[in-house]
Protein chains: 2
Amino acid sequence: MPNSPQHLHDVLVHLRRIIRATDLQSKRVVKACGLTIPQIMVLRSIEALGDVTVRKISDSVSLSQATVTTILNRLEDRKYVERVRAQKDKRIVNARLTESGLEILKTTPPLLHEKFIDEFESLEGWEQTQVLSSLQRIAMMMDAENLDAAPLLDINSPDSLA
Amino acid sequence: MPNSPQHLHDVLVHLRRIIRATDLQSKRVVKACGLTIPQIMVLRSIEALGDVTVRKISDSVSLSQATVTTILNRLEDRKYVERVRAQKDKRIVNARLTESGLEILKTTPPLLHEKFIDEFESLEGWEQTQVLSSLQRIAMMMDAENLDAAPLLDINSPDSLA
DNA sequence: TCAAAAAAGTTACAGCTCAAAGTATATAGG
DNA sequence: CCTATATACTTTGAGCTGTAACTTTTTTGA
């Protein structure tokens with residue numbers, strides 16, 4: 001007999017801790033290289049996908065279009081990114097890395113901290129797999145509500161951010 | 001041979017999705033009852049702990065003291081919470097639920113959406129346990145960096161939020 | 001052809017989040 | 001007693017985040 005209410009409560013508690021830890025890691029990364037994790041993810045996404053629309057970045061990093069716009073604003077202010085309007089369809093804006101953008105990207109540390117990486121790598125293969133699949137399961141269950149509204153995402157879209 | 005780099009990347013991707021889903025759920029909850037998830041967590045924490053200091057709330061909900069202060073500001077503006085300065089030690093501020101605070105708390109929906117709850121409860125007991133322990137593992141590994149700096153937290157502090 | 005609908009982005013707004021600096025109070029050591 | 005340190009909290013400043021409303025451009029259908 002699973003004690004679901006208690007387990008659900010615990011799920012929430014752990015999720016909150018994870019979210020907080022992610023945030024703290026982002027502050028640490030800022031100190032190291034001057035960029036936040038979301039900024040780095042956007043830059044990497046542009047690097048991986050080449051000249052790319054805001055929509056595609058937004059899908060690839062799992063952030064709303066509006067959020068990506070504000071992140072791009074900051075990156076453009078700092079000259080790490082250029083926006084180029086497409087000739088063909090003038091609604092479309094393509095983001096492109098500048099030289100400095102490419103440079104700064106080389107200085108960025110791993111997005112998960114060293115201790116995490118060490119610990120994770122010290123796990124047995126099957127343990128890594130188990131942790132990963134649990135995480136995936138949670139992610140899918142949490143996304144359920146949203147996927148309904150927007151059913152058919154492009155499953156083949158490249159996912160090569162972090 | 002575990003493929004750690006790939007696994008690490010996947011961990012990050014899933015974490016981002018989870019964080020986003022949490023955010024979206026918070027917006028959904030706002031529409032339902034006018035309070036965000038962090039606000040509800042703070043209210044519940046006060047309900048559970050009685051008159052309670054900002055520091056204790058902050059520990060119990062895994063948010064910084066500064067964040068709790070801003071959340072309390074909003075809750076106080078809306079008369080859900082009162083701040084009472086301690087007689088003995090005037091540095092200390094105790095938060096207390098008002099009548100309306102207690103009322104509104106009764107109207108708050110579950111903090112994880114229905115589909116999540118259904119799906120989670122439909123898992124076998126051992127699966128729930130596995131998911132939970134993976135989550136706990138991730139949370140602990142991600143926290144490692146922070147626990148170092150502030151080693152001795154009060155392990156016995158009540159955890160009865162969400 | 002041309003108005004209506006759709007699509008891509010941006011803006012406005014409100015809340016969350018933290019570190020660091022600031023304020024007020026309490027405690028400890030000389 | 002009185003200064004130095006520590007504690008409890010608040011303020012400040014900056015970035016992240018999403019929804020809803022908006023602009024511009026394209027597509028669709030009568």
Side-chain angles (χ1 to χ4, degrees), chain A residues 16-42 52-59 61-78 81 83-95 145-146 149-150, chain B residues 16-32 34-42 52-59 61-78 83-95 145-146 149-150:
Chain A
R16 281 287 148 185
R17 291 208 174 126
I18 289 172
I19 291 171
R20 174 155 209 238
T22 303
D23 222 61
L24 294 176
Q25 172 65 4
S26 189
K27 310 276 173 170
R28 242 177 267 128
V29 172
V30 168
K31 282 195 185 170
C33 73
L35 294 169
T36 66
I37 287 183
Q39 288 171 353
I40 295 171
M41 287 183 7
V42 166
V52 65
T53 65
V54 177
R55 162 60 53 204
K56 276 189 186 160
I57 297 172
S58 147
D59 289 344
V61 299
S62 284
L63 294 171
S64 74
Q65 213 175 19
T67 302
V68 172
T69 291
T70 71
I71 293 174
L72 282 179
N73 287 343
R74 270 180 272 272
L75 292 174
E76 197 175 22
D77 288 347
R78 293 164 70 181
V81 160
R83 278 170 161 119
V84 186
R85 235 167 230 293
Q87 295 297 316
K88 263 194 154 171
D89 183 339
K90 287 177 186 158
R91 290 170 304 181
I92 293 179
V93 170
N94 281 290
E145 199 79 44
N146 312 313
Chain B
R16 280 289 146 185
R17 293 208 173 127
I18 289 172
I19 290 171
R20 174 154 209 238
T22 303
D23 223 61
L24 294 176
Q25 172 64 3
S26 190
K27 308 279 171 168
R28 241 177 267 129
V29 172
V30 167
K31 282 195 185 168
L35 295 168
T36 65
I37 287 183
Q39 288 170 352
I40 294 171
M41 287 184 10
V42 166
V52 65
T53 65
V54 177
R55 161 60 54 205
K56 275 187 186 161
I57 296 172
S58 146
D59 289 345
V61 298
S62 284
L63 294 172
S64 75
Q65 214 173 17
T67 301
V68 172
T69 290
T70 71
I71 292 174
L72 282 179
N73 288 343
R74 270 180 272 271
L75 291 175
E76 198 176 23
D77 287 348
R78 293 164 70 180
R83 279 170 160 118
V84 186
R85 236 166 230 292
Q87 295 296 317
K88 261 192 155 173
D89 183 339
K90 288 177 186 157
R91 292 168 303 179
I92 294 179
V93 169
N94 282 290
E145 198 79 42
N146 312 313

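Reminder, nothing fancy here: chain letters follow the sequence lines and each chain counts from 1. Since the model is a prediction, treat every value here as computed from it, not as a measurement.
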Students often get this wrong, so: under 4.0 angstrom with heavy atoms, is K56(A) touching a base, only sugar-phosphate, or nothing?
nothing
Under 4.0 Å between a side-chain N/O of R20(B) and OP1 or OP2 of dG18(D), yes or no?
yes
Touch check for K90(A), heavy atoms < 4.0 angstrom, all strands: base, sugar-phosphate only, or nothing?
sugar-phosphate
Select one nucleotide: of dT17(D), dT10(D), dA8(C), the one nearest the side-chain heavy atoms of Q65(A).
dA8(C)
Separation of atom CZ in R28(B) from atom C1' in dG15(C), rounded to whole Å:
17 Å
The nucleotide from dC18(C), dT19(D), dA8(C) with an atom nearest the side chain of D23(A) is dC18(C)
Using only side-chain N and O atoms of S64(A), determine if any of them is under 4.0 Å from OP1 or OP2 of dG18(D).
yes
With respect to the phosphate group of dG15(C), does any side-chain polar atom (N or O) of R78(B) fall under 4.0 Å of OP1 or OP2?
no
Just compare dC16(D), dC18(C), dT25(C) and give me whichever is closest to any side-chain atom of A66(B).
dC18(C)
Distance in angstrom units between R85(A) CZ and dT24(D) C1', rounded:
8 Å
Under 4.0 angstrom, heavy atoms only, what part of the nucleic acid is S26(B) near: base, sugar-phosphate, or nothing?
nothing
Where C33(A) and I40(A) come nearest, the two heavy atoms and their spacing:
SG-CD1, 4.0 Å
The side chain of D89(B) is closest to which nucleotide in this list: dA26(C), dT11(C), dT10(D)?
dA26(C)
May I ask you to verify if any side-chain N or O of R74(B) is less than 4.0 angstrom from the OP1 or OP2 atom of dC16(C)?
yes
Roughly, in whole Å, what's the span from CD in E76(B) to C1' in dT10(D)?
12 Å
G34(A) and R78(A): which non-hydrogen atoms are nearest, and at how many Å?
O-NH2, 2.9 Å
Starting at CD1 of I37(B) and ending at P of dA14(C), how long is that distance when rounded to a whole Å?
21 Å
Is T67(A) close to P38(A) at the side-chain level, that is, under 4.5 Å between some pair of heavy atoms?
no
Among dG18(D), dT26(D), dG15(D), the nucleotide that comes nearest once only the side chain of L63(A) is considered
dG18(D)
Write down the distance between CG (L24(A)) and P (dC16(C)), rounded to a whole number of angstrom.
17 Å
Test for a donor-acceptor pair under 3.5 Å between the base of dT24(D) and the side chain of R91(A), counting only N and O atoms.
no
Select from N94(B) and Q87(A) the residue whose nearest nucleotide in DNA chain D is closer to the 5' end of that strand.
N94(B)
Atom CD1 of I92(A) and atom P of dT27(D): how far apart are they, to the nearest Å?
9 Å
Please report the distance, rounded to the nearest Å, between CZ in R83(A) and C1' in dT11(C).
12 Å
State whether T36(A) places a side-chain N or O below 4.0 Å from either non-bridging phosphate oxygen (OP1 or OP2) of dC16(D).
yes
Base, sugar-phosphate alone, or nothing: which one does K31(A) contact when heavy atoms must sit under 4.0 Å apart?
sugar-phosphate
Grab the CD1-P distance between I71(B) and dG15(C) for me, whole Å please.
11 Å
Nearest heavy-atom approach of V29(B) to L35(B) is CG1-O, 3.5 Å
If we only count heavy atoms from C-beta on, is the I71(A) to T36(A) side-chain gap below 4.5 Å?
no
In terms of side-chain heavy atoms of T67(A), which of dT17(C), dA19(C), dC16(D) is nearest?
dC16(D)
Minimum heavy-atom distance T69(A)-R83(A), with the two atoms named:
O-NH2, 3.4 Å
